[in-house]
> 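Input: one structure, supplied below.
The shown structure was predicted, so the numbers you read here are calculated from the model rather than taken from an experiment.
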Amino acid sequence: MSSDWGPIVVAVILFIVLSPGLLFQLPARTRVVEFGNMYTSGISILVHSIIFFLILTILIIAVGVHIHA
């Protein structure tokens, strides 16, 4: 029995990278983009979740990332 770990690994990496305020925040409080400010807002959570969904969908469905273990 082989499991496909590709979607799980991609989702975890994207979740860490796209956490609002960790690397960048879009939109920020005073600017459009701020880097490493460690703050968040409701609208930035919404924007980051849409970006997460779009990138995850492209990588899983269009590119077809698969890791079999």
> Please list, one pair per line, the donor and acceptor atoms closer than 3.5 Å that link side chains of residues 34-41 to other protein atoms, with sequence neighbours excluded.
{"residue": "E34", "atom": "OE1", "partner": "N37", "partner atom": "ND2", "Å": "2.6"}
{"residue": "E34", "atom": "OE2", "partner": "T30", "partner atom": "OG1", "Å": "2.9"}
{"residue": "N37", "atom": "OD1", "partner": "Y39", "partner atom": "N", "Å": "3.3"}
{"residue": "N37", "atom": "ND2", "partner": "Q25", "partner atom": "OE1", "Å": "2.8"}
{"residue": "T40", "atom": "OG1", "partner": "S44", "partner atom": "OG", "Å": "3.3"}
{"residue": "S41", "atom": "OG", "partner": "S44", "partner atom": "N", "Å": "3.4"}
{"residue": "S41", "atom": "OG", "partner": "S44", "partner atom": "OG", "Å": "3.3"}

> According to the side-chain hydrogen bond (donor to acceptor under 3.5 Å, both in side chains) rule, which pairs have a member within residues 56-66, sequence neighbours left out?
D4-H66

> Checking S49 now: which residues fulfil side chain to side chain contact (heavy atoms under 4.5 Å, CB included) with it, not counting sequence neighbours?
L46

> Would you say I55 and I45 are hydrophobically clustered, going by side-chain heavy atoms of ILVMFWY under 4.5 Å?
no

> Could you state the interatomic distance from CG (L56) to CD1 (I13), rounded to the nearest 0.5 Å?
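Rounded to the nearest 0.5 Å, the CG-CD1 separation comes to 11.5 Å.
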
> With sequence neighbours left out, what residues match L26 under side chain to side chain contact (heavy atoms under 4.5 Å, CB included)?
F24, V32, V33, V47, H48, I51

> I'd like to check the side chain to side chain contact (heavy atoms under 4.5 Å, CB included) partners of I16; sequence neighbours left out, ordered by chain and number.
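Applying side chain to side chain contact (heavy atoms under 4.5 Å, CB included) to I16 gives V12, L22.
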
